[in-house]
**Q** 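Structure incoming, see below.
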Amino acid sequence: MANDSVAVDTLEQHFAAVIAAMENRFTTHEFFLRLAHDHQGDYVAGLAAYTEGGMPFRDLHHALVQRLKALDGKLITLRNSSYPSRDIFGTPSHSGLWKKL
């Protein structure tokens, strides 16, 4: 769906500011929480763009991770691709562990 890409493009515009606000090391889940907190309207619009598949959080986060990975070696570096973390719902899971450059 074309709106998917537009919603992710809009959220991606906030990545640099969100990364700047993060601790030196952070998980992907922590990044999502900060992005959602700081840019609530855009985040909700992003979720709305992914409702068709029935898993908007999973689908939006997958798209955002792909964009975040494009910054590897530029603003951040991936230190661990399967780091123990809690997702935004508090469920034990794994996510990427990032370090600012």
Side-chain angles (χ1 to χ4, degrees):
M1 180 188 303
N3 288 343
D4 300 357
S5 166
V6 171
V8 175
D9 290 346
T10 300
L11 286 166
E12 185 179 19
Q13 293 175 5
H14 304 302
F15 279 20
V18 171
I19 290 168
M22 302 298 295
E23 297 291 328
N24 192 43
R25 291 178 189 257
F26 59 92
T27 68
T28 304
H29 292 141
E30 292 167 337
F31 176 82
F32 292 155
L33 282 170
R34 173 68 68 144
L35 180 65
H37 179 269
D38 292 355
H39 304 283
Q40 293 179 32
D42 291 336
Y43 189 83
V44 169
L47 289 171
Y50 283 90
T51 58
E52 192 172 297
M55 302 282 290
F57 283 92
R58 182 201 64 195
D59 296 342
L60 174 61
H61 291 170
H62 177 74
L64 292 172
V65 164
Q66 298 311 309
R67 302 285 181 99
L68 197 58
K69 285 180 178 177
L71 296 178
D72 192 7
K74 297 174 184 150
L75 292 177
I76 53 178
T77 185
L78 184 61
R79 304 299 294 172
N80 186 332
S81 63
S82 186
Y83 188 78
S85 176
R86 291 191 177 268
D87 67 18
I88 68 166
F89 299 109
T91 305
S93 184
H94 289 84
S95 74
L97 177 66
W98 302 89
K99 183 179 182 293
K100 292 186 201 181
L101 294 179

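Start at 1 with the first residue, then count along the sequence.
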**Q** Taking atom CD of Glu23 as the centre, report whether more than 12 heavy atoms of other residues, nucleotides or ligands fall under 6.0 Å from it.
**A** no
**Q** Between Phe89, Phe32, Tyr50, which is the residue that forms a ring pair (Phe, Tyr, Trp, His ring centres under 6.0 Å) with Phe57?
**A** Phe89
**Q** For residues Asp42 and His14, is any side-chain donor paired with an opposing acceptor at under 3.5 Å?
**A** yes
**Q** Hey, could you give me the CD1/CZ distance between Ile76 and Phe31, rounded to the nearest 0.5 Å?
**A** 7.0 Å
**Q** Which heavy atom of Lys74 sits nearest to which heavy atom of Leu101, and what is that distance?
**A** O-CD1, 3.5 Å
**Q** Going hydrophobic residue to hydrophobic residue with side-chain gaps under 4.5 angstrom, can you get from Phe26 over to Leu75?
**A** yes
**Q** Decide side chain to side chain contact (heavy atoms under 4.5 Å, CB included) for Trp98 and Thr77; before the verdict, give the C-alpha distance in whole Å, the side-chain angles of both, and the deciding distance to 0.1 Å.
**A** CA-CA 6 Å; Trp98 302 89; Thr77 185; 5.9 Å; no
**Q** Please report the closest heavy-atom contact between Phe15 and Arg67, naming both atoms and the distance.
**A** CE2-CB, 3.7 Å
**Q** Answer yes or no: is there a side-chain heavy-atom contact under 4.5 Å between Ile19 and Leu68?
**A** yes
**Q** Kindly compute the distance separating CZ (Arg34) from NE2 (His39), expressed to the nearest 0.5 Å.
**A** 9.5 Å
**Q** Calculate, to the nearest 0.5 Å, the distance between atoms CG and CG belonging to Leu78 and Asn80 respectively.
**A** 7.0 Å
**Q** Could you tell me which non-hydrogen atom of Ala7 sits nearest to which non-hydrogen atom of Ala45, and how far apart they are?
**A** CB-O, 4.2 Å
**Q** So how far is it from Lys69 NZ to Thr28 OG1, rounded to the nearest 0.5 Å?
**A** 8.5 Å
**Q** In Å, rounded to the nearest 0.5 Å, how long is the span from CD of Glu30 to CZ of Arg86?
**A** 12.5 Å
**Q** Provide the closest heavy-atom pair for Pro56 versus Leu47 in the form atom of the first, atom of the second, distance.
**A** CB-O, 3.4 Å
**Q** In the single-linkage hydrophobic clustering (I, L, V, M, F, W, Y; side-chain heavy atoms under 4.5 Å), do Leu11 and Ile88 co-cluster?
**A** yes
**Q** Below 4.5 Å, heavy atoms only, C-beta onward: do Asp87 and His61 meet side chain to side chain?
**A** no
